[in-house]
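Inspection log for the structure reproduced underneath, given as structure tokens.
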Amino acid sequence: MRKAILAVAVCLVIPFPLALARNPSSQAKGSSQGANSQHPPGNAHAAMNERGEKGMGFSQTATTHHFLLNPTGGAIQVEAKDPADSANRDMIRMHLQHIAHAFAAGDFDIPMFIHDRIPPGVPQMKRLRADIHYSYQETPRGGRVEITTADKEARDAIWKFLRFQITEHKTGDPLHAR
């Protein structure tokens, strides 16, 4: 009985996305689909959205993601599609505030969990984290994380990361800085 109580306590202490991001069965395969996915092979986008809902804490279909490149880095913006959807709006805001702090600390576990691999640019963004600034801003329907740098290598890493996100999330955002 004590072992069962201890196991439950340990599970509650480890943040859910962090625990899943370190799941050796999905990381070892290096696939674009999680080991526990209920989606058939070839439906990696649906599997990613399923992991996204778990990792981000809000509906992927009731929200829109945008990944924008600019001359000093870029931005991650997520908003609820319905202006009256305060539940998803509030979860988006909480998630993006967490992302701004986590990325600044070099912690990219959530995008690694969601995409079931290390996104391009992440190793460089971790190494150059002192040269990258992350700031959170609220928007009427959600929020935005501005990612800025004056360092060319860091900017190129940010662009790689954001281009990967655009492609994976199928946002249709421009792949070039504006």
Side-chain angles (χ1 to χ4, degrees), residues 17-18 20-23 25-37 39 41-61 63-79 92 95-137 139 142-178:
L18 179 60
L20 291 175
R22 294 185 177 156
N23 178 347
S25 64
S26 71
Q27 290 295 316
K29 291 180 181 182
S31 70
S32 63
Q33 187 167 324
N36 297 324
S37 176
H39 300 283
N43 202 348
H45 190 260
M48 179 198 64
N49 278 338
E50 184 178 285
R51 290 187 304 271
E53 290 201 16
K54 290 177 185 174
M56 294 182 220
F58 54 83
S59 170
Q60 301 298 287
T61 56
T63 59
T64 59
H65 289 71
H66 290 286
F67 303 93
L68 308 167
L69 286 70
N70 64 45
T72 61
I76 301 167
Q77 183 167 318
V78 185
E79 297 186 309
I92 290 165
H95 169 71
L96 290 179
Q97 288 176 59
H98 170 76
I99 286 297
H101 291 290
F103 285 12
D107 176 355
F108 290 83
D109 284 346
I110 290 176
M112 289 171 18
F113 164 68
I114 292 166
H115 297 285
D116 201 22
R117 63 180 168 221
I118 299 170
V122 165
Q124 296 85 1
M125 290 170 74
K126 285 181 171 187
R127 180 172 48 81
L128 299 167
R129 74 177 194 228
D131 297 321
I132 303 172
H133 179 71
Y134 300 88
S135 62
Y136 166 77
Q137 302 159 353
T139 65
R144 176 182 182 109
V145 174
E146 291 284 340
I147 309 169
T148 58
T149 187
D151 182 88
K152 182 186 180 318
E153 184 183 2
R155 187 208 57 215
D156 291 346
I158 294 165
W159 286 355
K160 281 182 188 176
F161 176 76
L162 294 174
R163 285 183 183 122
F164 170 80
Q165 298 290 344
I166 291 166
T167 303
E168 287 283 297
H169 288 274
K170 300 180 181 183
T171 66
D173 294 318
L175 295 171
H176 303 287
R178 293 185 173 205

Do Ile76 and Leu162 have side-chain heavy atoms sitting under 4.5 Å apart?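 Yes; the side chains approach each other to less than 4.5 Å.
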Answer whether the closest heavy-atom distance between the side chains of Met56 and Val78 falls below 4.5 Å.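 Heavy-atom side-chain distance check fails, nothing below 4.5 Å.
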Where at least one partner belongs to residues 142-151, residue pairs that pass salt bridge (Lys or Arg N to Asp or Glu O under 4.0 Å), sequence neighbours excluded: Arg144-Glu146
Using the side-chain hydrogen bond (donor to acceptor under 3.5 Å, both in side chains) definition, which of the options His65, Gln77, His66 pairs with Asp173? His66
Testing the basics here: between [X] and [Y], what is the closest heavy-atom pair and its distance to 0.1 Å?
X      : Y      : answer
Ile166 : Pro174 : CD1-O, 3.4 Å
Gly74  : Ile158 : N-CG2, 4.2 Å
Gly142 : Ile92  : CA-CG2, 3.8 Å
Ala177 : Pro71  : CB-N, 4.0 Å
Tyr136 : Ala100 : CB-CB, 4.3 Å

When rounded to the nearest 0.5 angstrom, what is the spacing between [atom1] in [X] and [atom2] in [Y]?
X      : Y     : atom1 : atom2 : result
Gln165 : Leu68 : CD    : CG    : 12.0 Å
Ile147 : Asn70 : CD1   : CG    : 9.5 Å
Thr63  : Glu79 : OG1   : CD    : 10.0 Å

Could you note down all residue pairs passing side-chain hydrogen bond (donor to acceptor under 3.5 Å, both in side chains) where residues 125-134 supplies at least one of them, sequence neighbours left out?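 Of all non-adjacent pairs touching residues 125-134, those that pass side-chain hydrogen bond (donor to acceptor under 3.5 Å, both in side chains) are Arg127-Glu153.
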For Trp159 and Ala154, indicate whether the former's side chain and the latter's backbone hold a donor-acceptor pair under 3.5 Å. no
Checking salt bridge (charged side-chain N to carboxylate O under 4.0 Å, His left out) between Glu168 and each of Arg51, Arg117, Arg163, which is the one that passes? Arg117
Does the plane of the ring in Phe103 sit parallel, tilted or perpendicular to the ring in Phe161? Use 30° and 60° as the thresholds.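 It falls in the perpendicular class, over 60°.
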Identify, with sequence neighbours excluded, every residue that meets salt bridge (charged side-chain N to carboxylate O under 4.0 Å, His left out) alongside Lys152.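 For Lys152 the salt bridge (charged side-chain N to carboxylate O under 4.0 Å, His left out) partners, ignoring immediate neighbours, are Asp156.
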